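Input: a single structure, listed below in structure tokens.
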Amino acid sequence: MKKNNIALTFVCLAAIVLMSMKIDLYNCVYAEAQPVNDVPVFLRFLGEGRSIISSMSILQADLYWHGGVGHFFEEHQGVGVAGVGEDCEACKHSDKHSRPEVSPFNILFRISQEIDVTEHIHLQDSQIKEIVPWLYYAAEIDPGNIQAYTLTGFYLADRLGKVSQGIAFLKEGLRKNPDSWEINAEIGRIYFQRLKDHEQAVRFLSEAWNLMQKVPHDKFQERFVLSFLVYSYEGMGQEKKALPFYEYLNKLFPNDVFDKKIKRFSPLK
Amino acid sequence: MRAIWAIAGGMIKELIRKKDFYVLLIFMLVILGVLSAQTFFQIEGISRYVRDFGYSMVMLFSFIISITFAAKQIPVEIESRTIYPLLAKPLSRYKIILGKFCGSMAVSVVSFTVFYAIFISFYTAGGEIESLSLLGQGFIFGILFLCMTSAFAIFLSVFMTMAANVTLSFLFYMIIGGFSSSIKEIIFSSKGVVSVLYGILYYLLPHFEFFDLRVRITHAWDPLPAWVVVSVSVYTFVYCFMLLSAADRIFRRKKF
Amino acid sequence: MQKILSAKNLQYTYESGKSRTEALKGVDLSVEDGEIFGFIGPNGAGKTTAIKLLLGILTPEKGELTLFGQSPREPKTRQKVGYMPEIANYYKYLTPVELLKIYGNIFGINKDLLRERVGKLLELVGLENEANRLMRTFSKGMMQKVSFAQALINDPDLLILDEPMGGLDPFSRMKMREVIQDLKLKGKTIFFSSHELSEVELVSDRIGILCKGHLLATGTVNDLLGDKKAGQSLENYFLNIIGEKI
């Protein structure tokens, strides 16, 4: 009986040790696969919850973009929008329709309607900076959240005039997500559109194009990358290199512009 | 009246001597300090998210103080038997309830005023004040909110344990505060008898969401019209009166 | 002599779900002005229930109960009553001075008079050096002293003490006995319950023995022991009488 107990104890111990090793191995593999090297320790404790919080932070940025009001009505009514303080007919129209008709005696509903802000606005000019903290935190909390980097890059470079900061932040994102075609494409776009640095634009957009071949994507995403790539090649005077991409784009979205370009550059072949 | 304030005065001393308030105060100062010191891409004047966090903390912390103080008054008095010397004094039961309510209110108002003052100081440090009257409304609505939560917790405290009371109050706060628009949508989308039932429920539930001016203050929307402020004040007083009357009725019948 | 306390056929039953516990089964009792009435009985006899009824904390199910000719449920009746509970538990985040001031304010005592009375009471119970110390640091005995002081804050005509000697050291007991005798000399009426039969015997003018909701005997110590054989103690009498009942 005693021998049996000892044997059983040994078997249990061995099983625990083996299981621990297996779990540890799994954790190591999982940790290596996650871009968490720069994540503060306390955030690592959140585990998968980080991506949820990060997404919520982006939603919060969207809420701020609409002056703190959920844009439910925009999605459902498809009417125009106004900036804060703008006297906009469309805005009033939206506001009026977002409220159900309530009897004047239904006092609690009326109070509630007055307190709720339902007007539809978008932040204007310098006010846009207010969304930046949420985008920044979204990226900080979950460095794997590509959208957080691309959105931050877009708002910094295109809306707030902080081009160099936008590019630096995107490059930081690229360091943490080296396989992201989206970040490469966004950096390339900013180099092309904001800095007219066609060489750098081509470098990042070409990388984006190569990377996107490895992952599922749609033709609109291809158009986004390739259209900036071809214009960058053109900017560098390398129309010959742009030609195959124009041909590819024309297959995806046949139109006059691509057609004309193809005809113009074909002799260079 | 002197007896009621005597009971309330004891609760203020409890607030001053217990650590709860100071912990929340330090926590708020640290969080707001860190948030205000944070810079993003050398952009100056980002203030809305500090306001957002600040106002939310003011309301949440005041709510915590209000609920925990109000919820424990009667159950803890019964449990520790301090209720007996109190009941033996020349006090009618409604005065005890009123004293506990006034005490909870006093504690909540003191805490709220301190928290709100800190919030305002961070607000002004972050940039110009868009609307003084909106901030004034925020203060009035905060006081009304705490009036409501104190009355609600005092009502529950005459027949519930402190833990159950705090849990239920938090649930109400979160559900009503977070899903008020969904509740309204459900009522509007329902028809017939169900709609009437939902309507009754809507009128009976405490409308904590009325007092939340977070979006208005954070995003500098226009202040509320005066009739809304008056209506919400009247609503709060009527609701509190009903809750305290019900609490008094139950407390009178309670056997100790 | 004027009757301060009068109870006729006092009955009270605790109900919890389907179970009913008759705590008092028709108690007749009266306490006269200026006397010390000792209320004794074993655990569960109904002493505390009787005291709760006297204080208006509970309402009698049947019977009549008056204090100073009025119902104890009326708050103004309790204006002249001081009460010291069995378990001395007070707000631990307050000092004795603050507690006494709160209770004094409830009684509506004038500010100057209250300040003066608080000082005197704390001196009386020997807590003058601990007057501004938070009560969370107090021992059971010290709390008992605070409890006694708060019972006297309104200079009551009737003092109801529930187990006043519990938790006190022999010296403090002696002191409290002296205070009780002093209060009697000042014309106060004292109603107190206790397990300590020797204490009751020492200070009481009259005694009431309660057992299982019945008042088995009332009278002076001499009345109660007089018809028994000489040399019998109150303890023996008490054990005999409740033994018969049990």
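Scope of the values below: all heavy atoms of this structure, side chains included, with no hydrogens, waters or symmetry mates. These figures come from a predicted structure and were not determined experimentally. Chain identifiers are assigned alphabetically (A, B, ...) following the order of the sequence lines, protein sequences preceding nucleic acid strands; residue numbering begins at 1 within each chain.
Within the 4.5 angstrom heavy-atom criterion, only side-chain atoms of B/Phe141, from C-beta onward, approach chain A. Neither the backbone nor the side chain of A/Ser164 comes within contact range of chain B, judged by heavy atoms closer than 4.5 Å. In this structure, the portions of A/Lys129 lying under 4.5 Å from any heavy atom of chain B include both its backbone and its side chain. For chain A, the nearby parts of B/Tyr49 are the backbone and the side chain; heavy atoms of each come within less than 4.5 Å. For A/Leu108, the parts lying under 4.5 angstrom from a heavy atom of chain B are both the backbone and the side chain. With a 4.5 Å cut-off on non-hydrogen atoms, B/Glu44 touches chain A through its backbone but not through its side chain. In this structure, chain B has no heavy atom under 4.5 Å from any part of A/Ile131.
Crowding of B/Tyr22 atom OH: a count of heavy atoms from other residues, nucleotides or ligands under 6.0 Å exceeding 12.
A donor-acceptor contact closer than 3.5 angstrom is absent between the side chains of A/Asn210 and A/Ser206. Side chains of B/Thr149 and B/Ser66: a donor on one and an acceptor on the other come within 3.5 Å.
When all heavy atoms are compared, the tightest approach of B/Ile43 to A/Val132 is CD1-CG2, 4.2 Å.
A cation-pi arrangement, defined by a distance under 6.0 Å to the six-membered ring centre and an angle within 45 degrees of its axis, is present between B/Arg51 and B/Tyr123.
A parallel orientation is assigned to the rings of A/Trp65 and A/His122, their planes being inclined by less than 30° (bins at 30° and 60°).
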